[in-house]
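Some notes on the structure that comes next.
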Amino acid sequence: MRNWNCRLLSNRKIADGVWLAAFDAPKIAAAAKPGQFVHVRVPGGEHILRRPFSIHRVDGNTIKVLYRVVGAATFALSALKAGTMLDILGPLGHGFPAINSGRVILLAGGMGVAPLVFLAQKLGKKRGLTVILGAKSSSGVLCAAAFRETGARVIACTEDGSKGKQCLATVLLENELAQAGGKTTVCACGPNLMLKRAAAVCAQFKTPCYVSLEERMACGIGVCLCCPVPTVAGYKSACKDGPVFNALEVAWSNLK
Amino acid sequence: MVQLEISIGGLRLKNPVMTASGTFGHGTEFAELYDINRLGAVVTKTITPLPRAGNPPPRMAETPSGMLNAVGLQNGGLEEFLKNKAPFLRRLKTAVVVSISAGGPAEFADMALAVETSGCADALELNLSCPNVLHGAVKNMISQDCGAIEAVVSAVRKKCGLAAIAKLSPNVTDITKTALAAQNAGADAVCLINTLPAMSVDLKTRKPRLANITGGLSGPAIKPVALKLVWDAVRALDIPVIACGGITTAEDALEFILCGATAVEVGTANLTNPFAAPEILSGMERWLRENKIASLDELRGKLIA
């Protein structure tokens, strides 16, 4: 972990309110593991804290982050032009564990695709990889092409039925696990409610499940204790102990 | 060569840049980034006699030029500190100030003695002012009650020989009264200010942004408040005042020195820029050199007013 002065290479809108930024960050690109994040100082305005973003892709010396414009800082980020130098701390946190055998299912709810594209990139074609994309409606189904490029089978569903089956993503997960024989590992990112349900489904099938959790962060390096995640062993920090946790470790009833 | 050395009680610090408790952990994370021995002192995250789970999330909300926190003194307790944190602190080549909090004077004194005996601390900071931890029937901070300040400081003084710094709250009618209470009870220095009790509300959800509802405000937003209180306290006290509150740049630190502060604590800036403390130190040296000032003493308390 270190901080680096990185050049913004491109920054463009890829869906309604969703942007993709690419940075020239060779040191971060070389060290990054799927599920880790970068902590970005966004210049300007009244915000003082960095903003944490999952590492979305690594292509050579380039890292990409996928972000939704939700407030002043992400709005300011979306206005930055290629060439801008940014202070980036990373890679930070603990990502997904190495998965050496069996098939893998990635479960993404909405923006939950952010860390999972990098994971799919790393897992590559050799893992029988299935990606389940869930969203409220079709415009929220993101990155299907990027997942397909890695050789994954992609299935989508929406709550309003505007794309794929009309159901919750965890219903598709349950179907997949019911059909699957042999060892399977599930890696998930998305709204807490979805992750909670996914953890329950995986527990029922005795399938290992890793979840990437989100909490408001300040320092990003485990000193301020502002981003607690309730676990069976008490609060842990999303930034340092996570953001990826074994689903069995999370105290789901205490997670809002 | 600029002269930056300062004294707090019998303790000499090689420079006046300290870290604010709660923003620096116990130093291990920052030691991976730079040589923390360059700093004047490392002030550790407050420990309490027993482990504390802390408050539920969300614990943090950003506000204009500042942030609110309601961590609630999450820590592993004294025993865990002595076992897991003290060995690292003992190896540091700069001053270590261990921040402690407890339920009352006797508990504070026992903690102080245990920390002194462990040999990992050069001084203590008595956290009398965490806005997320309230005491007694009237639910206030120790540092809102002059009698309680005196009781804690003198109990620690009787049992422990380490320099003691009283960390005080800005949320009082008259800072000189609480600062004098600390001084009269034997504190070697006061540190001000701790965070300001504050709130943030989300109109859309009609909910507070912190699960604890209220929290402590820190960051650049509170610097003007801290400057005023340091200015007030310096003129009333004989003991050193350590300034804390929104210090983000070398210029911020020097403004507090100009108002009479002996040293500064860098807090929230550590969270936004992990290199803030050493950058403030080298920036202070540079500024003094450029302005042909050989010693901080030439600047300290020299506000033209």
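Protein chains get the first letters and strands the later ones, always in sequence-line order, with residue 1 at the start of each.
Of the two parts of T63(B), only the backbone, made up of N, CA, C and O, holds a non-hydrogen atom closer than 4.5 Å to a non-hydrogen atom of chain A. When heavy atoms are compared at a cutoff of 4.5 Å, A269(B) does not approach chain A at all. Proximity to chain A involves both the backbone and the side chain of P56(B), based on heavy atoms less than 4.5 angstrom apart. Using a 4.5 Å cut-off between heavy atoms, R41(A) contacts chain B through its side chain alone, with no backbone atom that close.
Contact check for C224(A) versus T23(B): no side-chain heavy atoms found under the 4.5 Å cut-off. Using a 4.5 Å heavy-atom cutoff, the side chains of V223(A) and N270(B) are not in contact.
Atom OG1 of residue T272(B) and atom CG of residue L89(A) lie 11.0 Å apart, to the nearest 0.5 angstrom. In this structure, the separation between CG on L225(A) and NZ on K45(B) is 5.0 Å, given to the nearest 0.5 Å.
Here the closest non-hydrogen pair linking Y235(A) and R59(B) is CD1-NH2, 3.2 Å. Contact record, C226(A) with M67(B): SG-CE, 3.9 Å, taken as the closest heavy-atom pair. Taking each heavy atom of E29(B) and G222(A) in turn, the nearest pair found is OE2-O, 4.0 Å. M60(B) and R216(A) make their closest contact through O-NH1, 2.5 Å (heavy atoms, listed as atom of the first residue, atom of the second, distance).
The number of heavy-atom neighbours closer than 6.0 Å to CZ of F75(A), taken from other residues, nucleotides and ligands shown, is 12 or below. Counting non-hydrogen atoms of other residues, nucleotides and ligands closer than 6.0 Å to CZ of R7(A) gives a total of 12 or fewer.
Taking chain A as the reference chain and counting heavy-atom pairs below 4.5 Å, the highest number among G25(B), P220(B), S65(B) is found for S65(B).
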